[in-house]
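Working notes, beginning with the structure itself.
Letters A, B, ... are given to chains in the order of the sequence lines, protein chains preceding strands, and every chain is numbered from 1.
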Amino acid sequence: MVKTQYWLIKSEPSVYAYAQLERDGQTEWTGVRNFEARNNLRAMKAGDLCLYYHSNEGKAVVGVAQVLTGAGPDPTAPSEDWASVSVGPVVALNTPVALATLKKTPALKDFPLITRGRLSVAAVTAKHFKLILKLGETMLPNPAQSS
DNA sequence: GCCAACGTTGGC
DNA sequence: GCCAACGTTGGC
């Protein structure tokens with residue numbers, strides 16, 4: 001199997017919270033209108049894992065989501081030029097990792113939330129991904145644990 | 001192809 | 001609710 005890649009996806013909880021994803025079981029990740037974020041969406045493939053960040057309200061990484069299907073055209077987009085993927089919930093973090101905590105952690109100095117605050121879909125290194133799970137006092141359930 | 005204006009995001 | 005950061009648009 002191909003190596004799992006790690007990502008960070010952001011959503012305002014008032015728009016689509018992680019708890020909503022858990023209720024729905026899966027969702028189509030649409031509405032991205034930034035070229036770089038779109039390119040990242042296109043690089044996602046089924047099985048990749050995403051840290052789920054709540055922006056504006058909450059301001060914390062709250063859960064892990066998994067890419068279910070790779071990028072297709074965004075049905076909500078005005079043209080063919082945009083992409084979306086479908087994602088499903090994996091686990092909610094036992095302890096949400098606040099932005100303030102991320103900022104205080106030297107190992108996360110170049111985490112995309114810190115360096116690229118406004119990028120809504122960003123690649124995350126395996127090292128950062130694991131560290132955030134640790135800060136969130138959370139283990140991945142076995143089916144999601146791939147490499 | 002540059003760059004100013006504008007709109008949006010998101011932390012505070 | 002303000003404002004800084006920054007990406008995109010559009011005029012030249």
Side-chain angles (χ1 to χ4, degrees), chain A residues 3-141 144:
Chain A
K3 201 166 200 292
T4 303
Q5 295 185 94
Y6 301 98
W7 307 94
L8 173 78
I9 58 179
K10 299 196 303 184
S11 180
E12 297 190 33
S14 60
V15 176
Y16 198 89
Y18 186 76
Q20 186 65 43
L21 180 63
E22 288 189 315
R23 278 193 292 274
D24 292 348
Q26 73 171 84
T27 194
E28 199 62 25
W29 204 256
T30 59
V32 170
R33 296 293 182 270
N34 168 283
F35 294 131
E36 194 177 353
R38 181 203 64 189
N39 293 342
N40 287 332
L41 281 181
R42 286 188 176 157
M44 288 184 181
K45 46 188 179 21
D48 284 357
L49 295 173
C50 307
L51 294 168
Y52 198 109
Y53 177 76
H54 280 174
S55 61
N56 272 325
E57 266 176 85
K59 278 175 289 180
V61 178
V62 295
V64 178
Q66 183 161 38
V67 178
L68 301 177
T69 64
D74 181 345
T76 70
S79 74
E80 300 290 299
D81 263 5
W82 299 103
S84 70
V85 298
S86 63
V87 297
V90 177
V91 276
L93 297 190
N94 292 314
T95 309
V97 182
L99 180 62
T101 307
L102 300 174
K103 283 185 171 168
K104 276 190 303 193
T105 308
L108 293 170
K109 235 183 203 51
D110 48 6
F111 193 66
L113 267 181
I114 314 289
T115 56
R116 308 287 314 278
R118 296 184 44 191
L119 187 61
S120 61
V121 182
V124 168
T125 63
K127 204 173 152 189
H128 283 167
F129 183 87
K130 284 172 188 158
L131 177 55
I132 286 172
L133 280 189
K134 193 175 159 198
L135 291 171
E137 300 176 320
T138 302
M139 306 271 276
L140 284 179

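- Atoms NZ (A/Lys104) and P (B/dG11) sit 16 Å apart, rounded to a whole Å.
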I would like to know whether A/Gln20 and A/Ser11 meet side chain to side chain contact (heavy atoms under 4.5 Å, CB included); could you show each step before the answer?
CA-CA 11 Å; A/Gln20 186 65 43; A/Ser11 180; over 6 Å; no

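- Just one residue in the list A/Val121, A/Ile132, A/Asn40, A/Leu51 forms a side chain to side chain contact (heavy atoms under 4.5 Å, CB included) with A/Leu8, and that residue is A/Leu51.
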Please table the atom pairs, donor to acceptor, closer than 3.5 Å between any side-chain atom in residues 84-100 of chain A and protein atoms at least two apart or in another chain.
unit_1: A/Ser84; atom_1: OG; unit_2: A/Glu28; atom_2: OE2; d: 2.9
unit_1: A/Ser86; atom_1: OG; unit_2: A/Thr69; atom_2: N; d: 3.3
unit_1: A/Ser86; atom_1: OG; unit_2: A/Thr69; atom_2: OG1; d: 2.7
unit_1: A/Asn94; atom_1: ND2; unit_2: A/Glu137; atom_2: O; d: 2.7
unit_1: A/Thr95; atom_1: OG1; unit_2: A/Glu137; atom_2: OE1; d: 2.5

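- Shown here are the ring-ring contact (aromatic ring centres under 6.0 Å, His included) partners of A/Phe111, two or more places apart in sequence or in another chain: A/His128.
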Can you check nucleotides 2-5 of chain B for protein contacts, nitrogen or oxygen pairs under 3.5 Å, and list what you find?
none

Got a list of protein N/O to nucleotides 7-10 of chain B N/O distances below 3.5 Å?
unit_1: B/dT8; atom_1: O2; unit_2: A/Arg118; atom_2: NH2; d: 2.8
unit_1: B/dT9; atom_1: O4'; unit_2: A/Arg118; atom_2: NH2; d: 3.4
unit_1: B/dG10; atom_1: OP1; unit_2: A/Lys10; atom_2: NZ; d: 2.5

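- Under the 3.5 Å distance criterion, the side-chain polar atoms of A/Lys109 are left unmatched by any main-chain donor or acceptor of A/Ile114.
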Trace of the side chain to side chain contact (heavy atoms under 4.5 Å, CB included) decision for A/Leu135 with A/Leu108:
CA-CA 11 Å; A/Leu135 291 171; A/Leu108 293 170; 4.0 Å; yes

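- For A/Trp29, the ring-ring contact (aromatic ring centres under 6.0 Å, His included) partners two or more places apart in sequence, or in a different chain, are A/Tyr52.
- By the salt bridge (Lys or Arg N to Asp or Glu O under 4.0 Å) test, A/Arg42 pairs with no residue at all, sequence neighbours left out.
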